[in-house]
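Written out below as structure tokens is the structure these notes cover.
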Amino acid sequence: MSEAEDTLKLENQLSFSLYACSKELIRAYKPLLEALNLTYTQYLAMTVLWEFGQTNSKVMGRLLYLDSGTLTPVLKALEQKGYLRRTRGQLDGRHLIVTMTDEGYRLKEKAAHIPADAAAMMGLSDAESAQLAALLNKLLHNLAE
């Protein structure tokens with residue numbers, strides 16, 4: 001087999017490893033999030049609100065690498081569940097302000113165990129997790145430029 005053919009093998013494709021890991025990690029989160037009636041994307045949106053309490057939808061979209069067509073239905077669903085409120089900015093009505101509700105704060109308490117439970121499923125040491133996170137953040141930064 002030539003070197004060119006070897007590099008095209010599925011097992012040698014870094015992009016495939018990242019894709020498959022992402023897919024499996026989201027699948028592993030599913031039972032943890034079902035108990036909270038959240039999808040993975042809804043969970044990520046809530047993590048932004050748990051950190052900041054309030055933000056606008058453009059900032060949230062940038063933080064989550066989601067376009068408005070993907071983020072809007074997520075925010076609508078979370079609003080219907082009572083976890084956040086969406087209001088138009090007072091100075092600029094084009095800005096959509098997203099604010100966590102009291103119910104959203106209560107959900108944070110219920111979700112506090114999820115990062116540790118997910119980390120346990122991954123089977124990585126703390127040092128391996130930190131190293132992997134650093135490499136993935138570097139890769140994301142490089143690709144998003």
Side-chain angles (χ1 to χ4, degrees), residues 6-145:
D6 192 47
T7 61
L8 292 174
K9 289 173 69 177
L10 187 61
E11 65 191 38
N12 294 332
Q13 301 290 319
L14 179 59
S15 61
F16 175 73
S17 295
L18 290 168
Y19 163 78
C21 281
S22 175
K23 186 173 160 287
E24 291 303 310
L25 188 58
I26 291 168
R27 184 185 58 76
Y29 266 83
K30 191 171 181 169
L32 300 173
L33 297 175
E34 280 179 343
L36 301 176
N37 191 28
L38 292 176
T39 66
Y40 185 71
T41 309
Q42 290 170 352
Y43 170 72
L44 293 179
M46 290 306 300
T47 64
V48 172
L49 287 176
W50 292 331
E51 183 173 350
F52 299 108
Q54 181 181 67
T55 188
N56 72 53
S57 60
K58 286 187 188 258
V59 170
M60 183 180 281
R62 275 196 304 271
L63 290 170
L64 297 175
Y65 293 85
L66 295 174
D67 60 43
S68 63
T70 303
L71 185 58
T72 298
V74 170
L75 295 177
K76 282 182 180 179
L78 290 169
E79 186 175 41
Q80 289 173 346
K81 293 176 184 188
Y83 298 140
L84 59 85
R85 271 188 320 279
R86 298 177 307 138
T87 56
R88 291 283 167 198
Q90 292 180 0
L91 298 176
D92 186 345
R94 295 173 297 176
H95 290 118
L96 185 65
I97 308 300
V98 183
T99 307
M100 190 161 46
T101 63
D102 290 342
E103 191 62 32
Y105 282 106
R106 284 190 283 281
L107 182 65
K108 180 180 181 180
E109 294 170 16
K110 295 176 186 174
H113 66 93
I114 290 177
D117 290 354
M121 286 187 283
M122 290 181 218
L124 299 175
S125 69
D126 290 345
E128 289 170 327
S129 292
Q131 183 181 20
L132 179 58
L135 288 170
L136 290 172
N137 284 327
K138 180 180 180 179
L139 177 61
L140 182 57
H141 174 77
N142 291 344
L143 291 173
E145 286 186 345

Side chains of [X] and [Y]: closer than 4.5 Å at any heavy-atom pair?
{"X": "Leu63", "Y": "Leu44", "answer": "no"}
{"X": "Asn142", "Y": "Lys138", "answer": "yes"}
{"X": "Thr72", "Y": "Leu96", "answer": "no"}
{"X": "Met60", "Y": "Leu49", "answer": "yes"}
{"X": "Lys9", "Y": "Asp6", "answer": "yes"}
{"X": "Tyr83", "Y": "Leu38", "answer": "yes"}
{"X": "Val59", "Y": "Val98", "answer": "no"}
{"X": "Leu36", "Y": "Met46", "answer": "no"}

Drop me the distance from [X]'s [atom1] to [Y]'s [atom2], to the nearest 0.5 angstrom.
{"X": "Met122", "Y": "Leu25", "atom1": "CE", "atom2": "CG", "result": "4.5 Å"}
{"X": "Arg85", "Y": "Leu75", "atom1": "CZ", "atom2": "CG", "result": "13.5 Å"}
{"X": "Ser15", "Y": "Leu10", "atom1": "OG", "atom2": "CG", "result": "8.5 Å"}
{"X": "Leu14", "Y": "Tyr19", "atom1": "CG", "atom2": "OH", "result": "15.0 Å"}
{"X": "Met100", "Y": "Lys108", "atom1": "CE", "atom2": "NZ", "result": "6.5 Å"}

Can you see whether Thr70 engages Asp67 through a side-chain donor-acceptor pair at a distance of less than 3.5 angstrom?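 Yes - a donor-acceptor pair under 3.5 Å links their side chains.
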Is there a donor-acceptor pair under 3.5 Å between the side chain of Asn12 and the backbone N or O of Leu8? no
Using side chain to side chain contact (heavy atoms under 4.5 Å, CB included) as the criterion, point out the one residue from Leu84, Thr87, Ile97 that pairs with Gln54.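 It is Ile97; the other options fail the test.
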Salt bridge flag under 4.0 Å for residues Glu109 and Arg106: no
Salt-bridge present (Lys76, Glu79; N to O < 4.0 Å):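 Answer for the salt bridge query: no.
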Neighbour count above 12 (heavy atom, 6.0 Å) for Gln131 CD: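 For Gln131, atom CD is not crowded (no more than 12 foreign heavy atoms under 6.0 Å).
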Counting only heavy atoms not in Tyr105 (residues, nucleotides, ligands), do more than 12 fall under 6.0 Å from its OH?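 Check passes, neighbour count above 12.
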Take the angle between the ring planes of Tyr29 and Tyr40 and call it parallel below 30°, perpendicular above 60°, tilted in between. perpendicular
